[in-house]
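In what follows, a structure is listed as structure tokens, so that the remarks can point back to it.
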Amino acid sequence: MNHWLMKSEPDVFSIDQLAKDKTTWWEGVRNYQARNYMMNDMKVGDLVLFYHSNAEPSGVAGIAKVSKVAEPDKLQFDKKSEYFDEKATKDKPRWFCVEVQFVSKFKHIVSLQDLRENPKLADMMVLAKGSRLSVQPVEKKHFDIVSKLGG
DNA sequence: GCCAACGTTGGC
DNA sequence: GCCAACGTTGGC
């Protein structure tokens, strides 16, 4: 089983919204590297750190898990969506997304500062300079430390 | 709202 | 296939 970190702006979609909805298709990713992780590597049951970006504070807000493997992102075909992609066709979809399911919300958000201050987490991808990838792998040892911090 | 870092696009 | 210009991300 693999572990992941997925970023979402809470103003757009928060851990509370996921708790309410139970599951969601992770639509709107328009970065090939992030897509490839979802399309090729994410399996049902994989655990996900749900990360709030552009937030007060930014950080890991809870845990989700992959509930369905990748399927074509419907928004790429929706002309009214900001995620519409005129180069995508139903025969040859360009963008894929997995479905994730709510697992738990942390008692306390594990802020970016918390992550930075923990030497054991120093080589997490999310802490790398200029790291913008919205779907990224996480080592199990890091996942375990972060979930312990979250309570 | 600024801007550094990074990704994508498109002319050549 | 290079790379300048442009767009986006996301912390601050």
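On a predicted model such as this, the values are computed, not experimentally measured, just so you know. Residue numbering restarts at 1 for every chain, and letters A, B, ... go by the order of the sequence lines.
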Contacts under 3.5 angstrom, residues 144-151 of chain A side chains, donor-acceptor by atom type, not counting sequence neighbours:
from     : atom 1 : to       : atom 2 : distance (Å)
A:Asp144 : OD2    : A:Lys140 : NZ     : 2.7
A:Ser147 : OG     : A:Phe143 : O      : 2.7
A:Ser147 : OG     : A:Asp144 : O      : 3.3

Could you pull out every donor-acceptor pair under 3.5 Å between side chains of residues 6-17 of chain A and any protein atom, sequence neighbours left out?
from    : atom 1 : to       : atom 2 : distance (Å)
A:Lys7  : NZ     : A:Leu133 : O      : 3.4
A:Ser8  : OG     : A:Phe13  : O      : 2.6
A:Glu9  : OE2    : A:Asn54  : ND2    : 3.3
A:Ser14 : OG     : A:Asp16  : N      : 3.3
A:Ser14 : OG     : A:Gln17  : N      : 3.2
A:Asp16 : OD1    : A:Lys105 : NZ     : 2.9
A:Gln17 : NE2    : A:Asp21  : OD1    : 3.2
A:Gln17 : NE2    : A:Asp21  : OD2    : 3.3

Show me the side-chain donor-acceptor pairs of residues 106-117 of chain A shorter than 3.5 Å, one per line, residues at least two apart or across chains.
from     : atom 1 : to       : atom 2 : distance (Å)
A:Ser111 : OG     : A:Gln113 : N      : 3.4
A:Ser111 : OG     : A:Asp114 : N      : 3.0
A:Ser111 : OG     : A:Asp114 : OD1    : 3.4
A:Ser111 : OG     : A:Asp114 : OD2    : 3.1
A:Gln113 : NE2    : A:Glu117 : OE2    : 3.1
A:Asp114 : OD2    : A:Ser111 : N      : 3.0

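The stretch residues 74-88 of chain A does not touch DNA chain B, since none of its heavy atoms comes less than 4.0 Å from the strand. Within residues 47-61 of chain A, the residues approaching DNA chain C are A:Tyr51, A:Ser53, A:Asn54, A:Ser58, by heavy-atom distance under 4.0 Å. For DNA chain C, the neighbouring residues in residues 115-134 of chain A, judged by any heavy atom under 4.0 Å, are A:Arg116, A:Arg132.
Residue A:Val44 belongs to a hydrophobic cluster whose other members are A:Val69, with links defined by side-chain heavy atoms closer than 4.5 Å. A:Leu75 belongs to a hydrophobic cluster whose other members, connected by ILVMFWY side-chain contacts under 4.5 Å either directly or through intermediates, are A:Tyr83. In the hydrophobic clustering, where aliphatic and aromatic side chains (Ile, Leu, Val, Met, Phe, Trp, Tyr) are joined below 4.5 Å either directly or transitively, A:Phe84 stands alone.
Judged as a salt bridge (Lys or Arg N to Asp or Glu O under 4.0 Å), and not counting sequence neighbours, the contacts of A:Arg94 are A:Asp85. The salt bridge (Lys or Arg N to Asp or Glu O under 4.0 Å) test applied to A:Glu71 returns no partner, not counting sequence neighbours.
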* To do: List the steps, then state whether side-chain hydrogen bond (donor to acceptor under 3.5 Å, both in side chains) holds for A:Thr23 with A:Gln101.
  => CA-CA 4 Å; A:Thr23 65; A:Gln101 180 179 351; over 6 Å; no
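Within the 3.5 Å criterion, the main-chain N or O of A:Met42 finds no donor-acceptor partner in the side chain of A:Asp46.
Side-chain contact between A:Arg30 and A:Asp73 is present, with heavy atoms from C-beta onward closer than 4.5 Å.
A:Met38 approaches A:Val98 most closely through the heavy-atom pair O-CG1, 3.6 Å.
Reading DNA chain B from its 5' end, the first and the last nucleotide to sit under 4.0 Å from a heavy atom of chain A are B:dA5 to B:dT8.
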